[in-house]
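Read the structure below first, then the notes.
What you are looking at is a predicted structure, and each value in this text was computed from that prediction instead of being measured. Numbering of residues begins at 1 and proceeds along the displayed sequence.
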Amino acid sequence: IFCLLGLLGYESRLIQQHVFGCLLDLMENPIARLHLLEWRSKDKKKIFNLLIQLWNQEEMKLQVPQEEHGMISNTTHPLNGLNTLNIHSDDIGTAIPEISHNLRAKIYSMFTKLGFDCDDCLSANEKVKLALISKYLDFKIGQVWEEISVELEHEGIRPITPDIECIETSKKVVRRKAEVILEKQKEVIRKKQEVVIDIISKVPN
């Protein structure tokens with residue numbers, strides 16, 4: 001397992017995809033999870049730090065807009081990047097094909113098996129990003145509903161009223177969840193700033 005984790009440092013997307021696939025299969029065994037939690041990188045980082053680092057790299061490649069400290073910039077489409085639409089050329093939407101074209105779904109899957117309770121080893125900016133990662137599945141489902149709505153409109157198909165209400169409700173739910181996550185992210189940064197101010201105030205003039 002430690003050797004596999006070492007391979008994640010390679011820039012090859014193919015290698016990373018295979019490594020994540022192997023790790024997720026191995027984690028069906030509870031003992032494998034313990035080994036992952038014991039692992040440390042050369043600079044003493046834990047598996048949680050590595051996963052968030054890889055997530056950030058994926059967002060950079062996709063050019064996902066974000067505010068300072070990595071906070072959500074677009075609460076309507078929190079996962080969408082400027083490069084997202086270039087991932088797949090067919091007119092069938094990108095929400096589903098995108099899953100196999102980057103590592104975000106696999107990183108989220110790793111966290112679901114490892115757990116999201118890892119604040120003690122994370123920096124403030126990593127906690128900000130973890131808040132987003134924890135809701136990846138909700139936001140991905142929101143992407144799918146959004147694409148269904150757009151494609152129906154493009155085809156000139158008007159859903160029946162209950163279906164329209166269902167689609168609109170799903171959009172509102174996703175937006176509300178993104179707003180909640182954004183507030184959580186802001187709270188993390190506020191606490192960090194309060195700690196810094198408190199430390200500075202105790203430094204003798």
Is there a path from [X] to [Y] through hydrophobic residues (I, L, V, M, F, W, Y) whose side chains come within less than 4.5 Å of each other?
X	Y	value
Leu82	Met60	no
Phe139	Val150	no
Ile1	Leu34	no
Val144	Val173	no
Ile141	Ile148	yes

Please list, one pair per line, the donor and acceptor atoms closer than 3.5 Å that link side chains of residues 13-23 to other protein atoms, with sequence neighbours excluded.
{"unit_1": "Arg13", "atom_1": "NH1", "unit_2": "His101", "atom_2": "O", "d": "2.8"}
{"unit_1": "Arg13", "atom_1": "NH2", "unit_2": "Glu58", "atom_2": "OE1", "d": "3.3"}
{"unit_1": "Arg13", "atom_1": "NH2", "unit_2": "Glu58", "atom_2": "OE2", "d": "2.8"}
{"unit_1": "Gln16", "atom_1": "NE2", "unit_2": "Leu8", "atom_2": "O", "d": "3.1"}
{"unit_1": "Gln16", "atom_1": "NE2", "unit_2": "Tyr10", "atom_2": "O", "d": "3.0"}
{"unit_1": "Gln17", "atom_1": "OE1", "unit_2": "Lys106", "atom_2": "NZ", "d": "3.1"}
{"unit_1": "Gln17", "atom_1": "NE2", "unit_2": "Ser100", "atom_2": "O", "d": "3.3"}

Spacing of [X] atom [atom1] and [Y] atom [atom2] [to the nearest 0.5 Å]:
X	Y	atom1	atom2	result
Gln66	Ser73	CD	OG	8.5 Å
Leu36	Phe48	CG	CZ	9.0 Å
Ile52	Leu130	CD1	CG	5.0 Å
Ile47	Leu5	CD1	CG	4.5 Å
Asn102	Gln57	CG	CD	12.5 Å
Glu59	Ile133	CD	CD1	7.5 Å

List the atom pairs, donor and acceptor, that lie under 3.5 Å between side-chain atoms in residues 157-171 and the rest of the protein, sequence neighbours left out.
{"unit_1": "Thr169", "atom_1": "OG1", "unit_2": "Glu165", "atom_2": "O", "d": "2.7"}
{"unit_1": "Ser170", "atom_1": "OG", "unit_2": "Ile167", "atom_2": "O", "d": "2.6"}
{"unit_1": "Lys171", "atom_1": "NZ", "unit_2": "Ser149", "atom_2": "OG", "d": "3.3"}

Between side-chain atoms of residues 183-200 and protein atoms elsewhere (two or more places apart, or another chain), which donor-acceptor pairs fall under 3.5 Å?
{"unit_1": "Gln185", "atom_1": "OE1", "unit_2": "Ile72", "atom_2": "N", "d": "3.0"}
{"unit_1": "Gln185", "atom_1": "NE2", "unit_2": "Val128", "atom_2": "O", "d": "2.8"}
{"unit_1": "Glu187", "atom_1": "OE1", "unit_2": "Arg190", "atom_2": "NE", "d": "3.2"}
{"unit_1": "Glu187", "atom_1": "OE1", "unit_2": "Arg190", "atom_2": "NH2", "d": "2.8"}
{"unit_1": "Asp198", "atom_1": "OD2", "unit_2": "Lys202", "atom_2": "NZ", "d": "3.3"}

What residues, two or more places apart in sequence or in another chain, satisfy salt bridge (Lys or Arg N to Asp or Glu O under 4.0 Å) together with [X]?
X	value
Arg176	Glu179
Glu38	none
Lys172	none

Are any of the side-chain heavy atoms of Arg40 and Lys46 separated by less than 4.5 Å?
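Of all side-chain heavy-atom pairs linking Lys46 with Arg40, at least one is under 4.5 Å.
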
Side chains of Leu4 and Leu26 in contact at under 4.5 Å (non-hydrogen atoms):
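A side-chain contact under 4.5 Å exists here.
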
Identify, with sequence neighbours excluded, every residue that meets side-chain contact (heavy atoms from CB on, under 4.5 Å) alongside Glu153.
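side-chain contact (heavy atoms from CB on, under 4.5 Å) list for Glu153, sorted by chain: empty.
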
List the atom of Val174, the atom of Gly142, and the distance in Å for their closest heavy-atom pair.
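Closest approach of Val174 to Gly142: CG2-CA, 3.4 Å.
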
Partners passing side-chain hydrogen bond (donor to acceptor under 3.5 Å, both in side chains) against Asp25 (at least two apart in sequence or in another chain):
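side-chain hydrogen bond (donor to acceptor under 3.5 Å, both in side chains) check on Asp25 returns nothing, list empty.
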
Under the side-chain hydrogen bond (donor to acceptor under 3.5 Å, both in side chains) rule, collect the residues that match up with Ser41, sequence neighbours excluded.
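Per chain and number, Ser41 pairs via side-chain hydrogen bond (donor to acceptor under 3.5 Å, both in side chains) with Asp43.
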
Could you list the donor-acceptor pairs under 3.5 angstrom formed by side chains in residues 108-120, with sequence neighbours left out?
{"unit_1": "Ser109", "atom_1": "OG", "unit_2": "Ala105", "atom_2": "O", "d": "2.9"}
{"unit_1": "Thr112", "atom_1": "OG1", "unit_2": "Ser109", "atom_2": "O", "d": "2.5"}
{"unit_1": "Lys113", "atom_1": "NZ", "unit_2": "Glu28", "atom_2": "OE2", "d": "2.9"}

Restricting to pairs with a member in residues 130-142, which pass side-chain hydrogen bond (donor to acceptor under 3.5 Å, both in side chains), not counting sequence neighbours?
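Residue pairs passing side-chain hydrogen bond (donor to acceptor under 3.5 Å, both in side chains), neighbours aside: Glu98-Lys140, Asp138-Lys177, Lys140-Gln143.
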
Looking at Cys121, is its backbone amide N or carbonyl O close enough to the side chain of Asn49 to form a donor-acceptor pair, meaning the two atoms are under 3.5 Å apart?
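Present.
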
